[in-house]
Amino acid sequence: MDNHQLGKNVAAYLIEKGLRRFAATAWSIKGPSGQLKIQGFIGALKPYGYDVIILETHEALLHADRTLNVQKGEPFGFFAAEDFLGRMVIDTCEMTGLRVPEDVAVIGGDNSPFICDAEAHYDQYRAGCGTGRLSGRRFAGPADPGQYDSHGTGHGGARTYR
């Protein structure tokens, strides 16, 4: 698996779906795979001027509702570099009143069959797992950056929360 390309594919998919606000986490992954996924994700968003909020710790993840400052009608695309992190993001959203996928669209990055199939009632998460599977395929090309308005600083970078 090309971890860097996976991150790029997830970003392209979220842009294609019209999302303009982004967050990511790989806080518990040991080794380079999580960072490569996140670097690919950030790198694919940077040319469009989109910022990425990086949640680097479990504590930051638990306070995602405050960190992300979700506004109604402006959902976040959230890339979790492993499926179990995606599950944690969904649980945190539900505990804090954020709706998945209306407020936060979550995609896990490794398609763990255990996580994807363990909780059948989480339809949005299962859809996210399917999206992760799709991200393994190459997209025809990037979305037109002029099609979307940027809601970040316009510089295309990352802000980190610990």
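For clarity, every value in this text was computed on a predicted model and none was experimentally measured. If you read the sequence from its start, that first residue is 1, and numbering goes on from there. Note: hydrogens, waters and symmetry copies are ignored here, and every other heavy atom, side chains too, is used.
Counting heavy atoms from C-beta on, the side chains of P75 and D103 never come closer than 4.5 Å. L61 has its side chain within reach of M88: a pair of non-hydrogen atoms, C-beta onward, lies under 4.5 Å apart. Side-chain contact between I54 and I42: present, with at least one pair of heavy atoms (C-beta onward) separated by less than 4.5 Å. D65 places none of its side-chain heavy atoms less than 4.5 Å from the side chain of T92. Within the 4.5 Å cutoff, side-chain heavy atoms of T67 are placed close to those of I53.
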Using the side-chain contact (heavy atoms from CB on, under 4.5 Å) rule, take L19 and F76 through it: C-alpha gap first, then chi angles, then the decisive distance, then the call. CA-CA 7 Å; L19 294 166; F76 265 86; over 6 Å; no
Walk me through whether R99 and E94 qualify under salt bridge (charged side-chain N to carboxylate O under 4.0 Å, His left out). CA-CA 7 Å; R99 301 166 302 157; E94 290 177 347; over 6 Å; no
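Two different hydrophobic clusters hold I107 and L36 under the rule that ILVMFWY side chains link at heavy-atom gaps under 4.5 Å.
Of the possible polar contacts, none joining the K37 side chain to the G7 backbone as a donor-acceptor pair under 3.5 Å is found. Here the side chain of R20 pairs no donor or acceptor atom with the backbone of E74 at under 3.5 angstrom.
Taking all atoms of both residues into account, the shortest heavy-atom contact from A26 to A81 is CB-CB, 3.7 Å. Between L6 and G109, the closest heavy-atom pair is CD2-O, 2.8 Å. The two residues V100 and C93 make their nearest non-hydrogen contact at CG2-CB, 3.7 Å. When every heavy atom of K8 is checked against every heavy atom of G40, the shortest pair comes out as CG-O, 3.2 Å.
Salt bridge status for D83 with R87: absent, with no side-chain N to carboxylate O gap under 4.0 Å.
Expressed to the nearest 0.5 Å, how far CG of L55 lies from CG of L68 amounts to 6.0 Å. Annotation: the span from T96 atom OG1 to L62 atom CG amounts to 9.5 Å, rounded to 0.5 Å. Taken from CD in Q35 to CD in Q39, the straight-line distance is 6.5 Å, to the nearest 0.5 Å. Atom-to-atom distance recorded for I38:CD1 and H4:NE2 is 11.0 Å, nearest 0.5 angstrom.
Within the structure, the ring-ring contact (aromatic ring centres under 6.0 Å, His included) test picks out the following pairs touching residues 20-46 (sequence neighbours left out): F22-Y50, W27-H58, F41-F79.
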